Amino acid sequence: MNVFDVIHRHRSIRRFRPDPVPQDLVDEILNAGIRASSSGNMQTYSIVVTAGDALRERLYRAHMEQEMVRQAPLVVTFCADFRRMRKWLRLNDAPDNFDDFFAFLVAAIDAVLVSQTAAIAAEALGLGVCYMGSTLAKADQVGEILELPEGVVPVVGFVLGWPDEDPQPRDRLPLAGLVHHDVYHDHSDDEIREIYRDRDQTGWDRYMNIPRLRRLVEEQGVENLAQIYTELKYTREGHARYTRTVLDYLKKQGFFQD
Ligand SMILES: Cc1cc2nc3c(=O)[nH]c(=O)nc-3n(C[C@H](O)[C@H](O)[C@H](O)COP(=O)(O)O)c2cc1C
């Protein structure tokens with residue numbers, strides 16, 4: 001398969017066979033991952049590959065009890081990490097300017113680029129991945145389980161293993177709704193309706209096929225996909241809680257001075 005085939009065949013995998021992923025494949029995937037560009041080639045990230053049953057059981061709880069965390073042989077957590085770099089600076093009598101929020105953003109971008117490059121490499125080898133937003137939303141718990149020291153923050157993570165399902169690729173919004181030519185075009189209401197026309201239907205159908213969500217939709221009188229997103233999935237209270245968690249954790253990990 002060429003790289004375009006791999007990219008276009010992507011779909012998140014949430015059911016896995018129990019077979020382990022051989023270490024040489026893990027190394028191949030991560031060696032590809034670290035070919036990603038990084039700010040100043042500083043590579044301000046660390047990758048934690050968790051295989052042990054007891055640790056994955058603890059991660060399962062931190063990752064909001066998503067069954068795939070128990071099922072997949074590996075959980076791979078990509079962390080923003082200025083700790084290694086800052087130690088190197090200290091050893092070389094170089095000033096340390098990396099104890100601030102901007103440093104965290106730089107490192108987080110590096111970590112995300114590595115994760116997605118590794119994800120594509122994994123899929124090229126026939127493996128499956130599914131990201132977990134709880135890596136950041138529950139950064140404090142994930143950080144404690146993985147024993148992350150100051151200067152290190154989990155940003156994105158995915159489960160990795162051999163697929164035990166073969167779902168169809170999910171839809172995407174049309175390119176015309178995502179790309180702007182020369183400068184930003186602020187969409188009119190009609191354009192927004194057109195951009196989301198197919199999604200409104202496919203997304204609604206998808207969620208109606210998930211019994212737990214269907215029940216919630218019926219109980220709460222939710223009427224459309226947009227309402228599913230912000231009345232059920234991504235509530236104001238949830239976001240406020242996660243914002244607090246992340247800000248407090250960034251402060252604890254030395255990325256937020258005030
Ligand atoms: C940062 C991030 C966090 C995600 N978190 C979760 C998650 O916690 N659980 C889950 O089942 N899928 C999660 N996903 C997967 C998305 O739901 C999925 O990528 C999206 O629905 C598109 O489907 P596809 O990946 O199959 O194309 C996450 C994806 C990303 C990029």
Side-chain angles (χ1 to χ4, degrees), residues 3-16 33 36 45 47-48 50 56 58-72 74-80 104-105 107-124 126-142 145 153-161 163-175 177-178 195-196 198-213 216 225-226 228-230 232-235 238-239 241-243 245-246:
V3 69
F4 280 91
D5 293 330
V6 174
I7 289 169
H8 283 284
R9 285 166 58 102
H10 160 76
R11 67 273 198 275
S12 293
I13 295 296
R14 298 180 175 84
R15 292 176 59 87
F16 294 89
Y45 52 80
I47 307 162
V48 184
T50 308
R56 281 190 301 114
R58 291 180 66 198
L59 284 175
Y60 160 76
R61 287 195 290 275
H63 284 297
M64 305 176 184
E65 306 192 348
Q66 301 194 70
E67 198 54 37
M68 59 189 176
V69 179
R70 277 179 162 160
Q71 233 182 49
L74 297 174
V75 177
V76 190
T77 308
F78 298 85
C79 306
F104 167 71
L105 289 178
I109 290 168
D110 280 3
V112 171
L113 294 177
V114 174
S115 77
Q116 185 53 20
T117 307
I120 290 171
E123 291 176 341
L127 288 144
V129 306
C130 186
Y131 281 96
M132 292 167 298
S134 31
T135 310
L136 184 63
K138 298 290 180 80
D140 53 346
Q141 294 178 30
V142 173
I145 295 165
V153 171
V155 177
V156 281
F158 53 61
V159 286
L160 173 66
D164 194 23
E165 63 172 348
D166 188 17
Q168 286 302 307
R170 283 191 74 182
D171 67 299
R172 295 293 188 257
L173 295 175
L175 201 58
L178 305 171
I195 291 168
Y196 284 88
D198 291 346
R199 169 69 54 85
D200 277 337
Q201 195 57 53
T202 52
W204 175 262
D205 292 345
R206 181 171 191 270
Y207 287 123
M208 286 309 96
N209 279 323
I210 302 173
R212 189 184 59 86
L213 266 172
L216 277 175
L225 181 67
I228 289 181
Y229 272 98
T230 49
L232 299 182
K233 285 191 79 176
Y234 306 108
T235 62
H239 263 240
R241 213 168 42 246
Y242 301 144
T243 298
T245 298
V246 172

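If you read the sequence from its start, that first residue is 1, and numbering goes on from there. Start at 1 and go down the list; that is how both ligands and their atoms are numbered. Owing to the predicted nature of the structure, the values given are computational and were not obtained by experimental measurement.
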All salt bridge (Lys or Arg N to Asp or Glu O under 4.0 Å) counterparts of Arg70, not counting sequence neighbours: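 Scan of Arg70 (salt bridge (Lys or Arg N to Asp or Glu O under 4.0 Å), adjacent residues dropped) gives Glu57, Glu67.
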Residues which pass side-chain contact (heavy atoms from CB on, under 4.5 Å) with Tyr207, listed by chain and number, not counting sequence neighbours: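 If we apply the side-chain contact (heavy atoms from CB on, under 4.5 Å) test to Tyr207, skipping adjacent residues, the hits are Arg170, Ile210, Leu213, Leu225, Ile228, Tyr229, Lys233.
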Residue list, side-chain contact (heavy atoms from CB on, under 4.5 Å) with Leu136, at least two apart or on another chain: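 Leu136 satisfies side-chain contact (heavy atoms from CB on, under 4.5 Å) with Val246 once adjacent residues are dropped.
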Crowding at CZ, Arg11 (>12 non-hydrogen neighbours, <6.0 Å):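 Enclosed.
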Greater than 12 external heavy atoms within 6.0 Å of Tyr60's OH: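 It does: Tyr60 OH has more than 12 such atoms within range.
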Set of residues that line ligand 1, where lining means a heavy atom lies under 4.0 Å from it: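 For ligand 1, the contacting residues are His10, Arg11, Ser12, Arg14, Gln66, Met68, Cys130, Tyr131, Met132, Gly133, Arg170, Arg172.
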Heavy-atom side-chain contact between Val155 and Thr135 under 4.5 Å: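 Not in contact.
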